[in-house]
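Each remark here refers to the structure printed beneath this line.
What you see is a predicted model; the values in this text were computed from it and never measured. Here is the naming used below: chain letters follow the sequence lines, and residue numbers restart at 1 for every chain.
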Amino acid sequence: MDKRKEIFPHGIPGHNLGEIEREIPNDEPPAWPINDKLKVVGKRIRRNDALAKVTGSAKYTSDIQLPGMLYAKMLRANVPHAKILSIDTSKAERHPGVRAVHVFTSDDEGSKYQDVKYAGQPLAGVAADSLDIAKEAVALIEVEYETMPFVIDTEEAMKEGAPLVYEEPIGEQTDGGDVGVTHDGSEGKGNLRGPTTSSFLGGARGDLDQGFSEADVILDRTYRTQVHTHVPLETHGVVIDWKPDQMTVYASTQSTKGVRDGLASYFDLPKNKVRVICEFMGGGFGAKHSAGTFGPMAAELSRKSGRPVWLMLDRKEEHIAEGNRPNSIHHLKIGAKKDGTLTAIQQKSHGTAGVALGAGVGRIAQGLYTCPNFSTEQYDVLTHAGPGAAWRAPGNVQGAYGLEQAIDEIADMLKTDPLVLREKIDPSEVRKVLRQRGAKSFGWKYRPPGSDTGRIKKGIGVAQSTWPRFVNLDSTVEVKMYSDGTVEVRSGVQDIGTGTKTILAQVVAEELGLKAEDITVRIGDTIFPDAPGSGGSIVTGAITPPARNAAYLVKQKLFNQVAPQLETEPSMLTVSDGMIMHKEDASKKISMRDALRRMRTGQIEASASRSDDYGGFQQPWGLAYGDLGSVQFAEVSVDTETGFVKVERITAAHSCGRPLNISQIESQVNGGVIQGVSYALYESRVMDNKTGHMMNANVDQYRMPYAKEIPDIDIVLVEEYSARSSTDAYGIGEPANIATAAAVANAVYNAIGVRLYEIPMTPASILKALNKVEQ
Amino acid sequence: MIPEQFGYSAPSSLGEALSLLQEHGEDAKVLAGGHSLIPMMKLRFAAPTHLVDINNVPGMSYINEEDGKLKIGALAREVDLEDSELIRSKFPIFIDASKLIADPQVRNFGTVGGNIAHGDAANDHPAVMLALNAEVEITGPEGKRTVPIDEFFYGFYMTAVQQGEILTEISIPLPEGKFGCAYHKLERKVGDYATAGVAVALTVDESGTCTSAGIGLTNVNPVPLRASRSEEALVGSKLTDEDIARAAQFAAEDCSPSDDLRGDEDYKRHVVKVLTKRMIKKAIDRI
């Protein structure tokens, strides 16, 4: 393809903003200036679906009603490990109102049914005239189990002789995003799989022994995190209408494409015979990329009954079976010189994603700081518990919780301000600015740990994170303009709730000289061009450049038609405030609306797909490593009598390239911080090791933060231009969540002078750390 | 979340209510606010075959002063406590407790009588009533009888209210002399049952010597617990920090909390100690 050179803004305004020349494809538009020169992009634009959502006219998957629709419920195993001898559905089939029953069977030789590997595994399903009838019928299914020994506790599962979850090698986890593991699960011993010893940043480097011998101080610690389940407002679920010519699937999903491909593959259907629709999405944190088991179940029930089938999971099912953030036992040995220079990092971790894989602790220790000598071994431990799944920055949150406390501990050993130490060892230019501006806004003034007096002690802490610039090249957008003035953007991409719909309108409006509300955005439907799943914080960086580029191309088509009318060349035209005008002669102009009315066809359209990053990728499949990270500061107060921790305030300093919509970015950071506070203090899956059941599979005992427990959140957003695409924008969903728990943990330590090494930090664990309650 | 089938009557007099209870026998339950009973029925922990709704029985929602006693009718609601000038001025401990019970919707309907008659050591009023030395009036087919609060709680969900009887009134002696009282519970989250709760009521004489002490504990014992050793440690003392610490230590030692998702036993004992200390001091501040 022909290319041309363009000058782009590059760097951080107020710090090192300059320009850079990039070679770009000829069919892509020239560089935008920085945000303060733009009209729609980078502003606080109201979500284009806000009214529909707050008035209730937005229809989510569970709201879908189709003629003749049935309601389905699944039967789940009530034991954690068993062979199934029989499943008798005869009573359920005879129950009045039941229209279809389906039992999952096994292709394995020797057994009719799949073995049960965790309590809650789906076995069968019923579709009936009402949900109540379906529930009654499910209760009538009789299952005969031959129970087997099981293991729930991670460390027990690691021991020799522990009951095995799988006798055979297992495949890589497929459910979504950038899971914290790269091994394929085929290697390992007993319930261990792995280790992962490298990532796209490379493998082991340098010489650890040499590194530790050069160190003046060596820290050797183990940090532990809990299993964190997914609690989106809307649970997983589908409504499936399988007609002979097409299977139509309404899904609460982070990937319309993923659900389509999954169901097409499961049922051996051509991809164009499966249509997946997700117009509104009630949230997801990484576990909603596939059709799961409920998708095939609803499809089977729809096929058998010939009717549409509604199958939404309840909250208990969501907790036990639809993904979780694996726990971690994260061991770090770090050497440093007196001046703070890191000489060696040795990392070893174990974690359980239950019956699935993906319990690594990410790349934080590998990539956040300069350290010449490094090695990592990350193991998955299989247990008889519900499967893990991608969960907002997979592995990295666990990884940062360990590493960022370790760095704090080293600062302590060196008797230095942890912020000053990070300044010394962190090579990132962006984080330098984040630290400066964040510290100023927070009012960071280091005080020694435990120096506050009185019953309620206050403390401050800081932690950092980094996140790659992932891009997915399978990102296509179509822009259409109609003769009545309508402009429509179409893509298969879903809006997980972050505001994808709104930023698409913004970039197209900016390119066409219109307002964001002039643009109709139709997404979340696989009849439109393919686009990536909402994982890895990929979507903004992947989909907004082709959206702008398609708008640019359709604008060129319109210019070609308008130019003769204005007696000029297309290249001499530009747009602004709804007008097409000559760049030099203000008298030559026409409104966009009139220009469209005079078109020769009723509509014109263009589509564009994501091109390679300007300047190239670091990894050919679409990755430019960079600093989409954060520096977060926390202030906490700890009641040393009751052990209650209150996170008083968080300053979250972030960068995400060119910010597209300030309000939406702030929403993401608010959510990430709140979830981080919740992870640090409250949420935890509690399993009964004796029965293998989850004991708090609801939203009462599964503790989450309440309004008065939410800290004041101060957001410092740093614009950073890297000239990698036509929008130069990136997502922030995951980076927003990574550093919070570590910052809170460091602040608690700073308050009470004792470190806990494990989250959630409950009142009881705080008191134990203070030796006020017996260990 | 759907209860078993049950019958329902809404009598308009106490006599009628009593005969309905008589008629339906042991599987009948009295429905007042319903904020303990109905959730238990929905969870199918309870499956009474008949509910006798006493909300239409007139003259049972009073809160007044009579014969040197504070009298609370069985149908007085939590919100009535919050609105009562008598309660606000003389027994702020009820405001402390009521504000921590569930949420405003529940408090608008839940009754003080029901909170006690449920016989649950996790409820808040039992500890308050222990601290205040309440007496409970129970009406049955044979007429009225009065039971001291210390003899009211028999066991888990079991009280002195027998089959065919209705709790009709709670009476509390009005304090003589200088009096202070306070209640607090530590909650895992707003509206939850107590991790632990402590109610304290004290009187002191002119010299500052403690002349009587009542201390009740919430949710740290199978039945609502009076912290007797703690009370004894305070009576006759000058309520010094040392006296208070000793009383708090006794409370922590004498309760028997169980491990659950709110915390383990050691943690709960610690909470009892902290709260006992804080509530004694708060009660003193209110004298």
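- Per-residue counts of heavy-atom pairs under 4.5 Å with chain A were compared for B:T195, B:V271, B:L186, B:L275; the largest is that of B:L186.
- Ion pairing of A:R703 with B:D192 is absent here, as no side-chain N (NZ or NE/NH1/NH2) approaches a carboxylate O to less than 4.0 Å.
- Residue A:P705: no heavy atom, backbone or side chain, is found under 4.5 Å from chain B.
- Counting heavy-atom pairs under 4.5 Å between each of B:R278, B:K273, B:K268 and chain A puts B:R278 at the top.
- Ion pairing of B:R262 with A:D700 is absent here, as no side-chain N (NZ or NE/NH1/NH2) approaches a carboxylate O to less than 4.0 Å.
- Side-chain N or O atoms of B:H270 include one that pairs as donor or acceptor with a backbone N or O of A:E641 at under 3.5 Å.
- Summarising the geometry of B:K189 relative to A:Y706, their closest heavy-atom pair is CD-OH, 2.8 Å, with the distance given to 0.1 Å.
- At a threshold of 4.5 Å between non-hydrogen side-chain atoms, the residues B:Y267 and A:T762 do not count as touching.
- When A:T640, A:T642, A:D639 are each tested for a side chain to side chain contact (heavy atoms under 4.5 Å, CB included) with B:V274, only one passes: A:T642.
- Surrounding CD of B:E242 are at most 12 heavy atoms belonging to other residues, nucleotides or ligands under 6.0 Å away.
- Within residues 681-698 of chain A, the residues having any heavy atom under 4.5 Å from a heavy atom of chain B are, by residue number, A:V686, A:M695, A:N696.
- In this structure, B:K238 places its NZ atom where more than 12 heavy-atom neighbours from other residues, nucleotides or ligands lie under 6.0 Å away.
- Within the structure, every pair that satisfies the salt bridge (Lys or Arg N to Asp or Glu O under 4.0 Å) test and touches residues 33-44 of chain B, not counting sequence neighbours, is listed here: B:E4-B:R44.
- Counting heavy-atom neighbours within 6.0 Å of A:K316 NZ, excluding the residue itself, gives a total of 12 or less.
- More than 12 heavy atoms of other residues, nucleotides or ligands shown are found within 6.0 angstrom of CG on B:L43.
- In this structure the side chain of B:D260 never reaches within 4.5 angstrom of the side chain of A:Q701, judged on heavy atoms.
- Residue pairs that meet the ring-ring contact (aromatic ring centres under 6.0 Å, His included) test with at least one member in residues 94-130 of chain B, sequence neighbours left out, are B:F94-B:H125, B:H118-B:Y157.
- Around NZ of B:K282, the count of heavy atoms belonging to other residues, nucleotides or ligands within 6.0 Å exceeds 12.
- Of residues 214-228 of chain B, no residue lies under 4.5 Å from chain A by any heavy-atom pair.
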